[in-house]
Amino acid sequence: MRTALSGLTTRGRCLLAAGFAAGVCAAVLNERDLLRVAAFVIALPLLAAWLATRARVGLHAARFLAPSRVPVGAAAEVKLDLRSTGRLPTGGLMLEDTVPYALGARPRFLVERLPRNTPTSLRYPLKPVMRGIQQVGPLMARITDPFGLAEFDRELAGRSRLVVVPRVVRLSGLPGGSGMGAGDDGSVRLRAGQGEDDAVVRPYRHGDDLRKVHWRSTARRDELMVRVEERPWRGGTTVLLDHRVYAHRGSGPTASLEWAISFVASICLHLHHFGHQVRLVSEDGRVLAGGSSDGGHSDHVVLDSLAALQGSHRRELSAGIDPGAGQEVIAVLGAVSPASVEELIRYRPRGMRSLAVLLDVNAWAGGSDATAPDPEDARRLLTGAGWGVAIARPSASMQQVWQELCASAGNRGPSVRSEVG
């Protein structure tokens with residue numbers, strides 16, 4: 001009874017108090033008709049509270065997400081299945097599902113009548129604007145009687161996990177003059193030997209240099225073939241992501257960090273498409289994906305690791321080791337000081353292919369951040385050390401930045417080309 005009374009609304013409590021007052025007056029005045037009215041007024045809110053309590057006990061719900069993994073900007077759908085197993089039908093049911101702000105507005109439903117043992121389905125859309133591991137729920141129900149005299153809150157369903165992965169942009173082309181077009185990792189190619197046909201020629205892929213077409217093999221196989229003259233990328237490719245909070249500007253979906261994460265995801269999936277093993281590391285050399293456990297072949301592993309990635313609080317870009325671990329490197333860097341650039345160059349062998357994308361973070365800040373380093377200073381240091389460099393700004397698309405990076409890979413200078421050739 002105490003539980004039922006705790007669910008009375010202000011209207012129900014006022015009606016209950018009025019009933020007791022009428023009963024006292026009926027006893028004092030010896031009015032039996034007034035006593036009957038008082039008994040009815042007292043019984044009505046108590047009966048409403050009891051019915052609402054019974055309906056709350058027999059109410060069940062389940063939540064289903066379709067799909068459970070979704071990229072930023074895409075749509076997902078949530079399905080709620082409701083069922084009442086109580087003896088009486090449930091009415092006056094207000095449902096509210098807890099949804100983070102990054103997934104959209106919080107949905108509310110009013111169910112006027114929920115029949116007994118008859119499932120009812122409710123649906124609502126989600127459109128995430130931020131990557132991350134999001135929790136949908138809990139689903140709360142507010143049960144009221146038709147007169148609004150009693151109401152009870154109950155959690156019908158717990159939390160469901162929704163993985164919002166970074167947006168992936170389709171890229172085309174590969175850095176020129178490299179073994180990236182070989183479609184395999186260097187360990188296989190080095191064992192194959194230069195005398196085998198499949199070690200020096202392969203089928204043409206989009207982005208290959210037409211000057212490298214091997215016409216004799218093309219005529220023999222009746223398929224456009226290209227020759228691979230340079231040593232392929234040993235053991236795959238290392239993609240380095242600088243996710244220091246200090247190195248980026250902006251907030252929310254338009255922050256430079258979110259652009260960098262989306263661009264890195266696009267690069268990793270693009271290289272996977274060409275059969276490359278990709279190793280994703282942070283600015284301190286920590287492996288985010290592509291280690292020995294997954295082999296770097298799963299797109300889901302890369303996207304899930306980037307979905308859960310948080311900004312690092314390191315101040316400088318300093319790992320103390322070669323971040324590529326002997327592999328070729330594509331580095332996506334935020335604001336870097338000359339000291340950080342020199343540290344990165346110091347541990348990278350000059351004979352290994354190294355590419356970098358420098359984010360002009362001042363452009364993400366609207367040109368108002370005078371403390372942001374000029375990316376042209378870092379470009380001069382990197383190109384002087386044989387790196388291919390492209391500068392990214394919000395006004396340029398990811399495909400344009402990728403094309404600039406691919407073009408810079410073929411213009412690194414003769415000294416570097418002689419070492420990898």
Side-chain angles (χ1 to χ4, degrees), residues 60-83 93-111 114 119-142 155-172 241 243 248 250-273 280 288-289 298-311 364 394-402:
H60 306 279
R63 183 192 300 106
F64 303 95
L65 299 179
S68 59
R69 297 176 71 261
V70 61
V72 172
E77 186 180 63
V78 179
K79 178 184 176 184
L80 301 174
D81 286 344
L82 306 178
R83 181 184 293 271
L93 182 63
M94 175 72 75
L95 296 175
E96 183 177 17
D97 208 4
T98 305
V99 174
Y101 75 95
L103 299 181
R106 180 173 294 186
R108 292 182 176 89
F109 302 94
L110 177 61
V111 180
L114 186 63
T120 301
S121 295
L122 302 173
R123 302 173 187 269
Y124 66 89
L126 295 177
K127 192 168 184 180
V129 297
M130 280 285 291
R131 62 175 180 85
I133 309 299
Q134 305 290 354
Q135 299 292 334
V136 180
L139 174 64
M140 301 301 298
R142 175 165 292 181
E155 180 179 319
L156 296 184
R159 290 178 170 84
S160 300
R161 184 172 180 264
L162 178 66
V163 180
V164 183
V165 300
R167 183 173 63 96
V168 176
V169 176
R170 185 178 181 86
L171 304 176
S172 62
L241 171 62
H243 64 106
H248 292 277
S251 61
T254 59
S256 62
L257 176 59
E258 297 303 318
W259 190 96
I261 290 176
S262 179
F263 187 55
V264 163
S266 303
I267 292 175
C268 291
L269 268 62
H270 180 61
L271 296 181
H272 280 168
H273 173 73
L280 177 62
L288 302 176
S298 174
D299 291 347
H300 286 179
V301 172
V302 173
L303 292 177
D304 288 352
S305 65
L306 291 175
L309 187 65
Q310 300 295 324
W364 266 273
S395 57
S397 67
M398 293 186 185
Q399 175 59 27
Q400 291 173 332
V401 176
W402 177 250

Side chains of S160 and R63, donor plus acceptor under 3.5 Å = yes

message = Using every non-hydrogen atom in the two residues, find where A157 and A61 come nearest and quote the distance to one decimal.
response = CB-O, 4.3 Å

note = Between the CG atom in D299 and the SG atom in C268, the distance rounded to the nearest 0.5 Å is 9.0 Å

message = Do L269 and L171 have side chains that approach each other closer than 4.5 Å (heavy atoms only, starting at C-beta)?
response = no

task = Please examine the side chains of I133 and R161, heavy atoms only from C-beta on, and report whether any two atoms are closer than 4.5 Å.
result = yes

query = Is V163 close to V70 at the side-chain level, that is, under 4.5 Å between some pair of heavy atoms?
reply = no

key: Side chain proximity check, L103 to P128, heavy atoms < 4.5 angstrom   = yes

query = side chain to side chain contact (heavy atoms under 4.5 Å, CB included) between I261 and L309: does it pass, once the steps are laid out?
reply = CA-CA 9 Å; I261 290 176; L309 187 65; 4.3 Å; yes

task = Describe, in one word, how the ring planes of Y124 and F109 are oriented to each other, choosing from parallel (under 30°), tilted (30 to 60°) and perpendicular (over 60°).
result = tilted

request  = Grab the two heavy atoms, one from V301 and one from A289, that are nearest each other, plus how far apart they are.
outcome  = CG1-CB, 3.9 Å

query = Should V111 and T120 count as side-chain neighbours, where that means a heavy-atom distance under 4.5 Å?
reply = no

key: Over 12 foreign heavy atoms within 6.0 Å of CZ, R159   = no

query = So do the side chains of L80 and L139 get within less than 4.5 Å of each other, counting heavy atoms only?
reply = yes

query = Between the main-chain N or O of V168 and the side-chain N or O of S266, is there a donor-acceptor pair closer than 3.5 Å?
reply = no

key: Aromatic contact, H248 with W259 (centres under 6.0 Å)   = no

query = How about V72 and V165: do any of their side-chain heavy atoms sit closer than 4.5 Å?
reply = no

ask   = Do NZ/NE/NH1/NH2 and the carboxylate oxygens of D304 and R69 come within less than 4.0 Å?
value = yes

ask   = Looking at R108 and D97, does any basic side-chain N land under 4.0 Å from a carboxylate oxygen?
value = no

ask   = Taking only residues two or more places apart in sequence or in another chain, which ones pass side-chain contact (heavy atoms from CB on, under 4.5 Å) with A255?
value = E258

